[in-house]
Undergrad: 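Take a look at this one; I'll ask things after.
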Amino acid sequence: MSFSAGDGPAEPDATITVIVGATVPTGFEHTAAEEVSEKIGVEARISKDRGRIYFPITTDKLSQVHHLRSVDNLFVVVEEYDHYQFKDSKEETLQELQQLAAKLPWTNALEVWKLNRTLKKKKGHRKVTNGTRGKPGKETVDLAAADSEQQEPPQPSSAAEAQTQAESTPDMETSKQESEEAAPEEAAPEEAAPEEAAPEEAAPEAKVIKFRVTCNRAGDKHSFSSNEAARDFGGAVQEFFQWKADMTKFDIEVLLNIHNEEVVIGIALTEESLHRRNISHFGPTTLRSTLCYGMLRLCKPQAADIILDPMCGTGAIPLEGAIEFHNSFYIAGDNNDMAVNRTVNNICHIQKRKAEKSSASGLPIDTVQWDLCNLPMRSSSVDIIITDMPFGKRMGSRKKNWDLYPSCLREMARVCRPGSGKAVVLTQDKKCFSKAISRMGGLWRKLLTVWVNVGGLHAGVYLLKRTGAVFGQTPEDVHESLGTVHAQQEKTDNREPSQSTSGV
């Protein structure tokens with residue numbers, strides 16, 4: 001089968017329906033499914049492989065999927081198998097994968113890929129070259145800056161890879177393989193199928209497709225590695241389509257996702273993750289915009305709400321809110337002057353981008369440098385507080401968190417409206433946060449916990465409700481350093497028996 005980049009898209013009237021897959025922040029699959037239902041009007045299915053959803057889409061609505069705020073990467077599904085029966089031996093399994101390439105229903109998926117390519121050209125999107133997707137080293141540096149606290153491990157550059165690696169599955173591998181290198185036995189396209197060279201000679205202007213196969217495997221019952229699967233499946237794809245393998249300057253990225261018995265073959269529709277959309281000036285702990293969106297949806301911002309992020313970092317949360325929930329007003333603050341400067345620069349970047357599109361450039365957001373335990377704000381003046389607290393790894397320390405968390409929660413309770421106010425807090429220091437929140441029973445009540453995977457770390461997103469108690473009239477208002485109490489308890493526990501009974 002021959003297919004070239006010069007082939008035109010399907011006829012405008014030939015609307016087809018396909019299944020689109022999306023990688024989303026783990027833990028927020030239901031949030032992403034809700035957004036798909038609200039904005040596209042279809043029901044999404046949550047995959048058994050965490051961090052993925054699937055939903056049907058007609059080609060006339062394809063552009064809408066790129067406006068979803070909760071998805072990191074998108075791909076069109078070629079075929080999916082819920083219970084793929086792998087052979088017992090490695091050789092038989094790999095041979096079957098090679099044979100599978102010629103049996104798959106590629107036509108509709110390739111038409112969607114061409115249409116998607118046309119849509120991006122109309123929007124002025126530039127092809128991401130090896131500077132972004134092709135160099136794993138470069139990608140690792142960028143993502144280490146772009147992801148939160150969170151110490152993200154080296155990440156792959158494809159949609160499927162990024163999500164599965166974040167899951168930290170013990171027996172999990174990801175591989176990007178050039179068919180030319182991984183399958184040297186494959187002949188060059190012109191030599192392997194000279195009979196199919198005629199169309200190229202008749203239309204020399206047609207561009208030969210360049211591709212790569214990205215295999216993503218999770219599970220402990222496979223007889224093969226992702227590297228081997230990518231090599232053999234990629235070689236078969238090359239032979240079937242007569243495409244040219246290129247790991248960096250590819251036109252098409254074919255995805256082979258294997259999760260236990262679930263196998264999904266797809267074609268990527270995004271060249272870089274959509275979570276990078278807002279940030280141009282990264283800090284050491286910058287949250288993904290997609291995770292910020294999920295946190296914002298938890299607290300359901302309403303028109304005229306005052307929303308506060310007292311530890312804004314690079315401003316990822318208030319920026320996402322100001323763009324998507326623009327009827328509220330956002331205050332972004334931090335005690336670090338460099339963080340405040342990054343936030344201001346990111347706001348200016350978004351405003352400039354909006355101005356270039358001839359849309360209103362203003363954003364309902366302001367930035368302040370302050371002491372988060374002594375906020376320069378009136379009591380009961382904030383409707384929602386949403387923030388990413390220090391994990392105690394890359395920022396701060398676990399020891400300091402024992403003092404910081406209770407002090408911060410008290411000050412947040414002071415400025416938040418009693419009875420109606422809410423807070424959404426992200427932290428990986430679950431023990432410290434649980435102790436701190438247990439001492440705030442009169443001011444905060446925990447409503448919901450969403451467990452998320454942030455850069456390989458198991459963290460929690462906590463939805464809190466401000467009680468109706470008036471600040472200053474509860475036992476919790478008597479300030480006592482939780483860190484001091486914790487240290488005293490440890491000292492008592494570690495005291496020698498002779499010392500503990502000396503007063504008897």
Undergrad: Do NZ/NE/NH1/NH2 and the carboxylate oxygens of R117 and D251 come within less than 4.0 Å?
TA: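 Between D251 and R117 there is a salt bridge, with a charged N closer than 4.0 Å to a carboxylate O.
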
Undergrad: Assess the residue pair K430 and W451 against the criterion (side chain to side chain contact (heavy atoms under 4.5 Å, CB included)); give the C-alpha distance rounded to whole Å, side-chain angles, the decisive distance to 0.1 Å, and a yes or no.
TA: CA-CA 11 Å; K430 299 180 285 292; W451 300 112; 3.1 Å; yes

Undergrad: Would you give the length of the straight line joining atom CD1 of I46 to atom CD of E29, rounded to the nearest 0.5 angstrom?
TA: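 So the CD1 of I46 and the CD of E29 are separated by 6.0 Å.
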
Undergrad: Let me have the donor-acceptor pairs involving side chains of residues 462-472, under 3.5 Å, with sequence neighbours excluded, atom names and distances please.
TA:
unit_1, atom_1, unit_2, atom_2, d
K465, NZ, G419, O, 3.2
R466, NE, A413, O, 2.9
R466, NH1, A469, O, 2.9
R466, NH2, A413, O, 3.2
R466, NH2, A469, O, 3.2
T467, OG1, G442, O, 2.7
T467, OG1, L443, O, 3.3
T467, OG1, A469, N, 3.4

Undergrad: Going from OG1 on T387 to CE on M311, what distance comes out if it is rounded to the nearest 0.5 angstrom?
TA: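 Separation between the atoms: 4.0 Å.
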
Undergrad: Under a 3.5 Å cutoff, is there a donor and acceptor pairing between the side chains of T58 and D60?
TA: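 The answer is yes; a qualifying pair exists.
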
Undergrad: Enumerate the residue pairs fulfilling side chain to side chain donor-acceptor pair (under 3.5 Å) with a member in residues 412-424, sequence neighbours excluded, ordered by first and then second residue.
TA: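 Every pair satisfying side chain to side chain donor-acceptor pair (under 3.5 Å) with a residue in residues 412-424: S379-R414, D383-R417, E411-R414.
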
Undergrad: Holding to side chain to side chain donor-acceptor pair (under 3.5 Å), I want the full list of residues that pass it with Y293, two or more places apart in sequence or in another chain.
TA: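 So Y293 forms a side chain to side chain donor-acceptor pair (under 3.5 Å) with R297.
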
Undergrad: Ignoring hydrogens and geometry beyond distance, is a side-chain donor-acceptor pair present between T23 and D72 at under 3.5 Å?
TA: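 Judged by distance alone, the side chains do not pair up.
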
Undergrad: What pairs with E80 under side chain to side chain donor-acceptor pair (under 3.5 Å), at least two apart in sequence or on another chain?
TA: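 Counting only residues at least two positions away or on another chain, E80 forms a side chain to side chain donor-acceptor pair (under 3.5 Å) with R45.
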
Undergrad: Is there any side chain to side chain donor-acceptor pair (under 3.5 Å) pair reaching into residues 347-356, and which pairs are they, with sequence neighbours excluded?
TA: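 Sorted pair list comes back empty.
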
Undergrad: For L256 and V263: C-alpha separation, side-chain torsions, deciding distance, then whether side chain to side chain contact (heavy atoms under 4.5 Å, CB included) applies.
TA: CA-CA 7 Å; L256 176 60; V263 177; 4.2 Å; yes

Undergrad: Determine whether a donor-acceptor pair (N or O, by modelled atom type, separation under 3.5 Å) exists between the side chain of N260 and the backbone of E262.
TA: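 No, the answer is negative, given that no donor and acceptor are paired below the 3.5 Å cut-off.
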
Undergrad: Quick one: does V382's side chain get under 4.5 Å of L375's, heavy atoms only?
TA: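 Not in contact.
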
Undergrad: Do E253 and F75 have side chains that approach each other closer than 4.5 Å (heavy atoms only, starting at C-beta)?
TA: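 A side-chain contact is absent here, since even the closest heavy-atom pair is not under 4.5 Å.
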
Undergrad: Closest heavy-atom contact between L404 and P390?
TA: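 Distance-wise, the nearest heavy atoms are CD2-CG, 3.8 Å.
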
Undergrad: With sequence neighbours left out, what residues match N341 under side chain to side chain contact (heavy atoms under 4.5 Å, CB included)?
TA: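 Testing N341 for side chain to side chain contact (heavy atoms under 4.5 Å, CB included), a comparison that skips the adjacent residues, returns none.
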
Undergrad: Of all heavy-atom pairs between I317 and L296, which one has the smallest distance, and what is that distance?
TA: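 Residues I317 and L296, closest heavy atoms: O-CD1, 3.8 Å.
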
Undergrad: Taking only residues two or more places apart in sequence, or in another chain, which ones meet H30 in a ring pair (Phe, Tyr, Trp, His ring centres under 6.0 Å)?
TA: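 Ring pair (Phe, Tyr, Trp, His ring centres under 6.0 Å) list for H30, sorted by chain: empty.
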
Undergrad: Going by side chain to side chain donor-acceptor pair (under 3.5 Å), name the residues that satisfy it together with S381, two or more places apart in sequence or in a different chain.
TA: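 In terms of side chain to side chain donor-acceptor pair (under 3.5 Å), with neighbours along the sequence ignored, S381 is linked to no residue.
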
Undergrad: Just jot down the ring pair (Phe, Tyr, Trp, His ring centres under 6.0 Å) partners of Y84, sequence neighbours excluded, or say none.
TA: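 If we apply the ring pair (Phe, Tyr, Trp, His ring centres under 6.0 Å) test to Y84, skipping adjacent residues, the hits are Y81, F86.
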
Undergrad: Quick one, V424 with I384, criterion side chain to side chain contact (heavy atoms under 4.5 Å, CB included). Give me CA distance, side-chain angles, the key distance, then yes/no.
TA: CA-CA 8 Å; V424 176; I384 295 171; 5.6 Å; no

Undergrad: Which heavy atom of P318 sits nearest a heavy atom of D309, and at what distance?
TA: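 Here P318 and D309 meet closest at CD-OD2, 3.5 Å.
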
Undergrad: How long is the span from the CG atom in L115 to the OG1 atom in T59, to the nearest 0.5 Å?
TA: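 It is 6.0 Å, given to the nearest 0.5 Å.
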
Undergrad: State, yes or no, whether a side-chain contact exists between F28 and L291 at a heavy-atom distance under 4.5 Å.
TA: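 Yes, side chains in contact.
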
Undergrad: Once you round to the nearest 0.5 Å, how far does CG of L255 lie from CG of L269?
TA: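 Reported value, rounded in 0.5 Å steps: 9.0 Å.
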
Undergrad: Report yes if some heavy atom in the side chain of F325 is under 4.5 Å from a heavy atom in the side chain of I307; otherwise report no.
TA: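 Result no, sub-4.5 Å side-chain heavy-atom pair not found.
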
Undergrad: How long is the gap from NZ on K435 to CG on D429, to the nearest 0.5 Å?
TA: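 That separation rounds to 12.5 Å.
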
Undergrad: Might you work through the side chain to side chain contact (heavy atoms under 4.5 Å, CB included) test for L319 and I347, ending with a clear yes or no?
TA: CA-CA 7 Å; L319 260 175; I347 294 172; 4.1 Å; yes

Undergrad: For the backbone of T314 and the side chain of T286, can you confirm whether one donor and one acceptor N or O come within less than 3.5 Å of each other?
TA: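 Absent.
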
Undergrad: What residues form a side chain to side chain donor-acceptor pair (under 3.5 Å) with N346, not counting sequence neighbours?
TA: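 Expected list: S280.
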
Undergrad: Quick one: are P25 and R288 in side-chain contact, heavy atoms under 4.5 Å?
TA: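 Answer no - side chains too far apart.
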
Undergrad: Output yes when a side-chain donor or acceptor of S289 lies under 3.5 Å from a complementary backbone atom of A316, and no otherwise.
TA: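 No, because the side chain of S289 does not come within donor-acceptor range (under 3.5 Å) of the backbone of A316.
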
Undergrad: Rounded to the nearest 0.5 Å, how far does SG of C292 lie from CD1 of I279?
TA: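 Here the rounded value is 7.5 Å.
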
Undergrad: Once salt bridge (charged side-chain N to carboxylate O under 4.0 Å, His left out) is applied, what residue pairs with a partner in residues 310-321 remain, sequence neighbours excluded?
TA: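 Of all non-adjacent pairs touching residues 310-321, those that pass salt bridge (charged side-chain N to carboxylate O under 4.0 Å, His left out) are R69-E320, R277-E320.
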
Undergrad: State whether the side chain of T343 and the backbone N or O of A339 hold a donor-acceptor pair below 3.5 Å, judged by distance alone.
TA: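 Judged by distance alone, yes, a pair lies under 3.5 Å.
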
Undergrad: Would you check if T427 and N401 make a side-chain contact, meaning some heavy-atom pair closer than 4.5 Å?
TA: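 Side chain of T427 against side chain of N401, heavy atoms only: no contact under 4.5 Å found.
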
Undergrad: Please give me the minimum heavy-atom distance between I267 and A109, naming the atom from each residue.
TA: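 In terms of heavy atoms, the two residues are closest at CD1-CB, 4.1 Å.
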
Undergrad: Of all the heavy-atom pairs spanning V71 and L274, show the shortest one and how long it is.
TA: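 Heavy-atom minimum between the residues: O-CB, 3.5 Å.
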
Undergrad: What residues, two or more places apart in sequence or in another chain, satisfy ring pair (Phe, Tyr, Trp, His ring centres under 6.0 Å) together with W370?
TA: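 Checked W370 against ring pair (Phe, Tyr, Trp, His ring centres under 6.0 Å); zero matches.
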
Undergrad: Below 4.5 Å, heavy atoms only, C-beta onward: do V76 and L62 meet side chain to side chain?
TA: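 Not touching, per the 4.5 Å side-chain cut-off.
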
Undergrad: Check C215 against I258 and note the closest heavy-atom contact, atom names and distance.
TA: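 Nearest heavy atoms, C215 then I258: SG-CD1, 4.4 Å.
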
Undergrad: Mind checking whether Y330 and I386 have side chains closer than 4.5 Å, heavy atoms only?
TA: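 Result no, sub-4.5 Å side-chain heavy-atom pair not found.
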
